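Take a look at the structure below.
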Amino acid sequence: MNNQITCTRFAPSPTGFMHIGNLRTALFAYLLAKSKNGRFILRIEDTDQVREVPGAVDVILKTLELIGIKYDEGPGIGGEHGPYIQSQRKHIHQEYAHKLVELGHAYYCFCTKERLAEIHDSCGGYDRHCRDLAAEEIQHHLDRGDPYVIRQKMPLDGSTTYVDDNWGEITVENKELQDQILIKADGFATYNFAHVVDDYLMGVNYVMRGSEYVYSTPKYALLYDAFGWERPHYVHLPLLNGKDSEGNIAKLSKRHGSVSFLDLVEEGYLPEAIVNYIALLGWSPSKGQGRINNEDINEEFFTMDELIDRFSIQGLGQSPSVFDYDKLKWFNTEYIRRMPVDLFNSRVIPSLKEVCPPTIDFALLAQLLQPRIGTLAEATAMVDFIASRLPLDKEAYVNKKNKTTVESCRAVLEQIEPLLDACEEWTNDALYAVLKNYSTDSGLKLGSILWAVRIAIARKIVTPGGATELMLVLGRDETMARIKQACAELND
Ligand code: GLU
């Protein structure tokens with residue numbers, strides 16, 4: 001196996017949205033393959049047709065595209081090991097299941113649903129009733145067209161061990177293993193069988209997935225053994241937990257907030273920030289054997305290429321990691337701040353345009369927002385006062401630090417209105433000069449003037465940017481209209 005090219009896969013079931021946990025599995029499997037110049041396959045595991053959710057495949061494809069994971073083989077692009085939609089491999093699974101029956105490691109089971117329900121309570125599983133049926137009896141059932149499933153014939157004693165590249169040696173007692181179903185009555189293979197056959201036929205030599213499969217993997221390893229195939233490397237990831245608002249830690253679920261990647265994007269998180277953050281959940285660059293020298297072990301920011309360069313199985317951990325929204329928000333804020341201006345503008349301006357009047361200076365507004373927001377979605381919330389004139393809030397004019405009152409602001413606004421109106425150039429320097437000169441002439445503190453103007457045009461206390469910046473964003477006409485309106489209202 002040493003000379004083989006590394007091949008990993010992501011094998012999601014299209015049973016819903018793309019959970020953060022699945023995304024991490026996809027990411028790590030991709031990073032493992034690419035860090036070793038290997039292949040990465042996408043396979044859709046849809047043999048459980050009852051659980052399939054319409055549109056789920058599109059969500060998977062869209063998610064991978066947004067985070068920049070490019071698969072070498074998979075649905076849509078094909079490859080030499082297709083088809084990559086598991087339900088289209090039904091005949092292959094059946095062929096291998098029958099082979100396994102011939103090899104004596106699987107058997108037909110004709111038990112009816114009623115019988116299975118009856119015995120389930122007494123033995124907690126399947127009682128192996130059909131495991132040793134005589135050949136004639138089997139033939140008789142088949143000739144009659146009786147429905148059947150195919151079950152794996154587990155060894156009855158001893159134990160099975162496999163070595164996980166992350167968790168070490170894992171052993172289960174064979175008596176704990178059920179004769180699990182490989183082919184269901186509808187002819188489709190179960191996950192338990194289909195993924196083993198497909199991984200083998202697709203040349204997957206590193207099976208990386210969530211920790212929930214650690215203790216079922218011996219069953220899969222036995223299938224490889226039964227076929228006489230070389231087992232792949234197994235790499236199970238640590239559990240991913242969530243933290244609720246009270247700080248309680250439990251398996252990641254909706255209770256902890258959005259756990260779907262696309263929901264997070266919808267809420268204004270950047271795909272690259274999400275990827276960066278989840279890469280650090282269960283993997284640590286300092287533990288790895290990255291190929292870059294002079295590693296800064298406190299480094300936290302990684303592009304996809306840097307992650308590929310640094311990734312190694314040695315960097316994985318076993319203890320559960322916690323998906324923490326505060327930490328994600330921190331990453332997102334940092335990513336937004338570090339974004340090149342053009343890129344930030346291109347991401348935020350379209351949504352600003354949806355809520356703000358077309359006359360405002362969008363590029364300037366975006367620049368006021370960039371250092372102040374934690375998610376892109378916060379941008380639209382923060383510009384409510386630009387989108388429309390907020391209701392009058394007289395109290396906002398009162399400010400202790402600047403010693404302003406409603407009355408003092410009214411007086412300032414009345415005097416400043418004609419001065420601003422006469423300002424020829426609508427630039428930051430010119431507007432600032434008007435306010436500064438007025439401060440000098442009137443003897444009023446500049447701070448109190450800026451306060452009055454800013455509240456008059458914004459009608460709220462906290463704004464991105466100061467008075468002159470907001471005047472520029474709004475433009476001359478809207479600014480003057482708002483100041484005039486403020487004068488009228490404060491006179492009432
Ligand atoms: N279809 C399985 C799942 O979505 C894949 C598990 C595996 O990677 O083997 O959980």
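Source: prediction; values computed, not measured. Remember, it's 1-based here, ligands and their atoms both numbered in the order they're listed. No hydrogens, no waters, no symmetry mates; every other heavy atom, side chains included, goes into these values.
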Enumerate, one pair per line, all nitrogen or oxygen atoms of ligand 1 lying under 3.5 Å from a protein nitrogen or oxygen, stating the separation to 0.1 Å; write 'none' if no such pair exists.
residue	atom	partner	partner atom	Å
ligand 1	1 (N)	Ala11	O	2.8
ligand 1	1 (N)	Ser13	OG	2.8
ligand 1	1 (N)	Glu45	OE1	2.7
ligand 1	4 (O)	Ser13	N	3.4
ligand 1	4 (O)	Ser13	OG	3.3
ligand 1	8 (O)	Arg9	NH1	2.6
ligand 1	9 (O)	Arg9	NH1	3.4
ligand 1	9 (O)	Arg9	NH2	2.9
ligand 1	9 (O)	Tyr191	OH	2.5
ligand 1	9 (O)	Arg209	NH1	3.0
ligand 1	10 (O)	Tyr213	OH	2.7

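- The six-membered or imidazole ring of Phe311 lies near that of Phe28, with a centre-to-centre distance under 6.0 Å.
- Taking the six-membered ring for Trp and the full ring otherwise, the centers of Tyr96 and Phe227 sit less than 6.0 Å from each other.
- When ring centroids are compared, Tyr220 and His195 come within the 6.0 Å threshold.
- Phe323 and Tyr325 have perpendicular rings, their planes meeting at more than 60° on a 0 to 90° scale where under 30° would count as parallel.
- The main-chain N or O of Asp179 is found under 3.5 Å from a side-chain atom of Arg151 such that the two form a donor-acceptor pair.
- Aromatic ring centres of Phe301 and Phe331 lie closer together than 6.0 Å.
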